[in-house]
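Numbers here are sequence positions counted from 1.
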Amino acid sequence: MTTTEHHTPTAAGSGSSASAAFRAAARTTQDVPPERVDTVARAVLRGVHQAIREHDVTYPEFQAAKQWLMDVGEGGEWPLFLDVFVEHVVEEVAARTQDGTKGSIQGPYYLPDQEKLPWQASLPMRPGEKGTPLVFAGQVRDVDGTPVAAAELDIWHADDDGYYSGFAPDIPDGNLRGVVVTDGQGRFEITTVRPAPYQIPTDGPTGKLIAAAGWHAWRPAHLHLMVRAPGYRTITTQLYFQGGEWLDSDVAEATKPELVLDPRPQEDGRLRATYDFVLERG
Ligand code: DHB
Ligand code: FE
């Protein structure tokens, strides 16, 4: 006999899953030339030294920081922490040389190799998946306006409780994730549910820092997308919802005005949002 229990994701759970996903991505560690390491590492340390001088940081504060850094590592929270507080600036620098649809951070919850789906499809979801049904439709074009056929829209998002499959207990693998392939005219029409805002787990070191500093831990509701096609530069981005909570105070600072959807109710009562993606060659 089993009892029905509601499992809330823990920071340790989502943190270590995010660490495992990062390692599994089997990225080839780039050989950074010594001059570059020297320049950047020196600049980072200079920033830390400056903060200590400017704010008269004490020994107890230094030891508290050391303890916290150890906790972040032991909890596997470096992907969470870095993607929330640092990635947006790396993206900002990458965006300097990017045309077409604006990018945004990837975050820690991408999982590769999800189910391939035709241009008109529902994302895999549980029977009776909670949340407002949402139809997300549009077209992929290149910068000249030519439709891009057979482009892949790799989409992933949180559920109506703000949790991601693969990183929270009790959600089936692949839930609200999929790779949708555009038709001959570059079109897609994806049925899913509207995600809820996401809160950084409050019970881990990242959450504790946020609470200790008196910040909030929220990101506005968002869809994650990676849009790719042979011969084009892949776009990694996120789309937000007009009027949504936290849109103006995203803890990850990853919103852009160009990336806000304005969903409207369709005749059948479901929400419909449209967005066209523009890819640059490369
Ligand atoms: C984090 C979570 C997200 O869903 C996201 O889009 C970006 C960052 C995080 O917890 O680090
Ligand atoms: Fe996210």
Would you indicate whether the side-chain heavy atoms of [Y] and [X] approach each other to under 4.5 Å?
X    : Y    : result
Y275 : D262 : no
I171 : R126 : yes
W218 : V251 : no
V260 : T255 : no
R187 : Q120 : no
L134 : F241 : yes
T101 : V227 : no
V148 : F277 : no

Donor-acceptor contact present, side-chain [X] to main-chain [Y], <3.5 Å:
X    : Y    : value
S165 : N175 : yes
E280 : Q98  : no
S104 : A254 : yes
Q63  : P60  : no
T191 : V135 : no
T192 : L123 : no
Q114 : P112 : yes
T237 : K102 : yes
D142 : D144 : yes

key: K208/D71 ion pair, N-O < 4.0 Å   = no
task = Indicate yes or no: does K256 engage E92 in a salt bridge with an N to O separation below 4.0 Å.
result = no
Among the clusters formed by ILVMFWY side chains lying less than 4.5 Å apart, do [X] and [Y] turn up in the same one?
X    : Y    : result
I190 : V193 : no
L82  : V48  : no
V86  : W78  : yes
V181 : L111 : no
W119 : Y232 : no

query = Does a sphere of radius 6.0 Å around CZ in R36 hold more than 12 heavy atoms from other residues, nucleotides or ligands, not counting ones at 6.0 Å or beyond?
reply = no
inquiry  = Atom CG of residue position D268 - does it have more than 12 heavy atoms of other residues, nucleotides or ligands inside 6.0 Å?
reply    = yes
task = Show your working on side chain to side chain contact (heavy atoms under 4.5 Å, CB included) between L223 and L261 and close with a plain yes or no.
result = CA-CA 10 Å; L223 303 175; L261 298 169; 4.0 Å; yes
key: Chi angles and distances behind the salt bridge (charged side-chain N to carboxylate O under 4.0 Å, His left out) call for R272, E189   = CA-CA 10 Å; R272 184 181 185 88; E189 190 178 78; 3.1 Å; yes
request  = Start with the C-alpha distance between I235 and L225, add both sets of side-chain angles, then the distance that settles side chain to side chain contact (heavy atoms under 4.5 Å, CB included), and finish with yes or no.
outcome  = CA-CA 8 Å; I235 290 172; L225 291 131; over 6 Å; no
Taking all non-hydrogen atoms of both residues, which atom of [X] and which atom of [Y] are closest, and how far apart?
X    : Y    : result
A252 : I105 : CB-CD1, 3.9 Å
A18  : Y109 : CB-CE2, 4.4 Å
A221 : P195 : CB-O, 3.4 Å
L117 : G178 : CD1-CA, 4.1 Å
L279 : A229 : CD1-CB, 4.0 Å
Y164 : A158 : CE2-N, 3.6 Å

ask   = Just by distance, with hydrogens left out, do D154 and Y110 show a side-chain donor and acceptor under 3.5 Å apart?
value = yes
When rounded to the nearest 0.5 angstrom, what is the spacing between [atom1] in [X] and [atom2] in [Y]?
X    : Y    : atom1 : atom2 : answer
T236 : Q106 : OG1   : CD    : 5.5 Å
Q199 : D161 : CD    : CG    : 12.0 Å
H224 : I155 : NE2   : CD1   : 10.5 Å
L80  : T206 : CG    : OG1   : 6.0 Å
W156 : M226 : CH2   : CE    : 4.0 Å
D159 : L176 : CG    : CG    : 6.5 Å

task = Could you label the plane-to-plane angle of the Y198 and H222 rings as parallel, tilted or perpendicular, counting under 30° as parallel and over 60° as perpendicular?
result = perpendicular
task = Classify the angle between the aromatic ring planes of F81 and W68 as parallel (below 30°), tilted (30 to 60°) or perpendicular (above 60°).
result = perpendicular
inquiry  = Walk me through whether R228 and V179 qualify under side chain to side chain contact (heavy atoms under 4.5 Å, CB included).
reply    = CA-CA 10 Å; R228 51 180 173 254; V179 180; 4.3 Å; yes
task = Apply the test side chain to side chain contact (heavy atoms under 4.5 Å, CB included) to residues R233 and T97: give CA-CA distance (whole Å), side-chain angles for both, the deciding distance (0.1 Å), then the verdict.
result = CA-CA 11 Å; R233 182 164 165 179; T97 61; 3.6 Å; yes
message = Tell me which one of R219, Q238, H216, H88 satisfies side-chain hydrogen bond (donor to acceptor under 3.5 Å, both in side chains) with D250.
response = R219
query = So, do H157 and F136 have ring centers that fall under 6.0 Å from each other?
reply = no
